[in-house]
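Atoms within each ligand, like the ligands themselves, are counted from 1 in listed order. Heavy atoms only: backbone and side chains are in, while hydrogens, waters and symmetry mates are out.
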Amino acid sequence: MKTVFVVGAGPAGLFAAQKIAQAGHQTIIFNRDIKPGGLAEYGIYPTKDKMKFGLRKQFAKVLSLPNLHYFGYVPISKESPLTVDDLRSWGPSAIVFAVGAQGTKKLGLRGEKAAGVYPAKDFVYNYNMLPLYTGQDFSVGRRVAVIGMGNVMVDIVHWLLIDDPLKTTEEIIVIARRGPFEAKFDAKEFNYVEEHFDRKAFEEELQRIQPQLASVGQDISKLADETFPVLKKPAAEGNGGKFRFRFLCQPKEIHADASGRISRLTVTENLLSERDGNIACKATEQTADIEVDTMIFAIGDVADPAVGLPYNRDSYVTNPNIGEDPKSPPAYEIFDPATGKVLDGLYAVGWARKASDGLVGIARHDGEVGAAHVLKYLENVSDGNSLSAEQIRQQIAAKGIRVIDKADIECLGRVEERLAKEGGRTWFKFDKDEDMLKAIESEKAKAVTV
Ligand SMILES: Cc1cc2nc3c(=O)[nH]c(=O)nc-3n(C[C@H](O)[C@H](O)[C@H](O)COP(=O)(O)OP(=O)(O)OC[C@H]3O[C@@H](n4cnc5c(N)ncnc54)[C@H](O)[C@@H]3O)c2cc1C
């Protein structure tokens, strides 16, 4: 039996840990958040209850494995009391990094620091009640620009126009570099917001960009069959705010008002071009101004360089020697470009390996394939001399960190379930770490007195 550490308890980390534990190895998970689940808990849209309940059940099953230990509320990074080197010094045979994509892609725009400008990930973490983000200002005004046209954009429209209790937003302008045929959202997701889709504005926008679409051979009449199936349905205009699309443009500069909040967004107009069947865009000298008081950019995320792994532009570096040939297996081993060697026994899986890549099923698959690589590696290494789970717990506690374990997670789950029932709701979630810790302690105390 060998010991493997898994850093991160999102879908990729949990399913990787499951495979490794089921192969008989002692598996220890370290997770930044108190709760496991990652974006499945704090990213997936809040009202997708069924999906969230189903995933929580699967995660609980993973955590129930007797040779799998959970140390929550324990971030590993250069900026934390515990670093990657600390983990390595405890002697595991391998470490799997499944920390997701916690970094923010910089837009590099003038004025980017204005108030009211948010990365989508942070905004989503806030409305999904991830404690790190719940205390911060994510105020929204009346006119919001959302940059990007994938599923995350649809989630944000959904939140702002349907579920945001403050409902301040009257109009959302979705800013897209390319045209409507390059939209990336799923029709199923779009159904949630179609009542708020401003059809009239869409038709006008299509007329405006029609010559550009025609120049690359795109035919507007095919849009309903390709990326906008909503156009096959009769227009269903609901009450409340509306959203519309502004195609063929990209943010250039953010202008702030006297209070420092975004008041105007200058965009560069783009031209479409086609090469080998791929549609690309090219910026022109022409610009346009759009008045907005909030801007959310949903353009995907990057890995967090602060974790302390070899980092290249936007991701951790994995072995280029394996990944080069499309027919060869993808690279999971972490690679140090400074020495030109893989870091023995260090692996990345899920969004930590390929940022913002796909749904939970893809992250799960990636975790499991990565785990298979780890298991193969373990066949050829001698048993390490890892500290035991209990010794590691003591080492962490010695740094003044309160470690959350599996029993704590069960307690928290019970309290949240009870509070949901008492409030007549399908779910209840604490939005502060202190409240979760208090709930765990009082639930434990209750169990002792009973
Ligand atoms: C807004 C949004 C909505 C989505 N909606 C859906 C949906 O409806 N359906 C669907 O199937 N998929 C959805 N997805 C995709 C899905 O959430 C991801 O595919 C999946 O969660 C990625 O899994 P992961 O384990 O790689 O990363 P994550 O889920 O991000 O998990 C990373 C884990 O690592 C931990 N961590 C981070 N940093 C550290 C550190 N330094 N030390 C220790 N631990 C750390 C975090 O606490 C977290 O538990 C959505 C994604 C987003 C962004």
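In summary, the side chains of Q102 and D304 do not present any donor paired with an acceptor at a separation below 3.5 Å, with no hydrogens or angles considered. Inspection of the Y127 and D164 side chains reveals no N or O donor paired with an N or O acceptor under 3.5 Å. Side-chain contact annotation: Y125 with Q136, donor-acceptor N/O pair under 3.5 Å absent. Counted by atom type alone, R261 and T294 present one or more donor-acceptor pairs between their side chains at under 3.5 Å. Counting only N and O atoms by type, the side chains of D86 and S89 include no donor and acceptor under 3.5 Å apart. D137 and S139 share a donor-acceptor pair across their side chains, judged by distance under 3.5 Å alone.
Summary of contacts: the protein heavy atom closest to atom 31 (O) of ligand 1 is G10 CA, 3.4 Å. Looking from atom 41 (N) of ligand 1 to the surrounding protein, the closest heavy atom is I76 O, 2.9 Å. Looking only at protein heavy atoms, the nearest one to atom 37 (C) of ligand 1 is V99 O, 3.2 Å. Here the heavy atom of the protein found nearest to atom 35 (C) of ligand 1 is N31 OD1, 3.2 Å. With respect to atom 47 (O) of ligand 1, the closest heavy atom belonging to the protein is D33 OD2, 2.7 Å. Here the protein heavy atom with the shortest distance to atom 26 (O) of ligand 1 is W351 N, 2.8 Å. Atom 19 (O) of ligand 1 has G358 O, 2.9 Å as its closest protein atom, hydrogens excluded (heavy atom only). Nearest protein heavy-atom contact of atom 27 (O) of ligand 1 is G100 CA, 3.6 Å.
Within the 4.0 Å heavy-atom cutoff, M51 counts among the residues contacting ligand 1.
Between D433 and R402, no side-chain nitrogen of the basic residue sits less than 4.0 Å from a carboxylate oxygen of the acidic one, so the salt-bridge criterion is not met. For the pair K376 and E379, the salt-bridge criterion is met [side-chain N within less than 4.0 Å of a carboxylate O].
Contacts between K121 and ligand 1 below 4.0 angstrom, taking non-hydrogen atoms only, are absent altogether. At a heavy-atom cutoff of 4.0 Å, ligand 1 is contacted by both the backbone and the side chain of R32.
Below 3.5 Å of separation, one finds an N or O of L39 facing an N or O of ligand 1. Polar contact check, V360 against ligand 1: a nitrogen or oxygen pair lies under 3.5 Å apart.
The presence of a protein heavy atom under 4.0 Å from atom 50 (C) of ligand 1 is ruled out.
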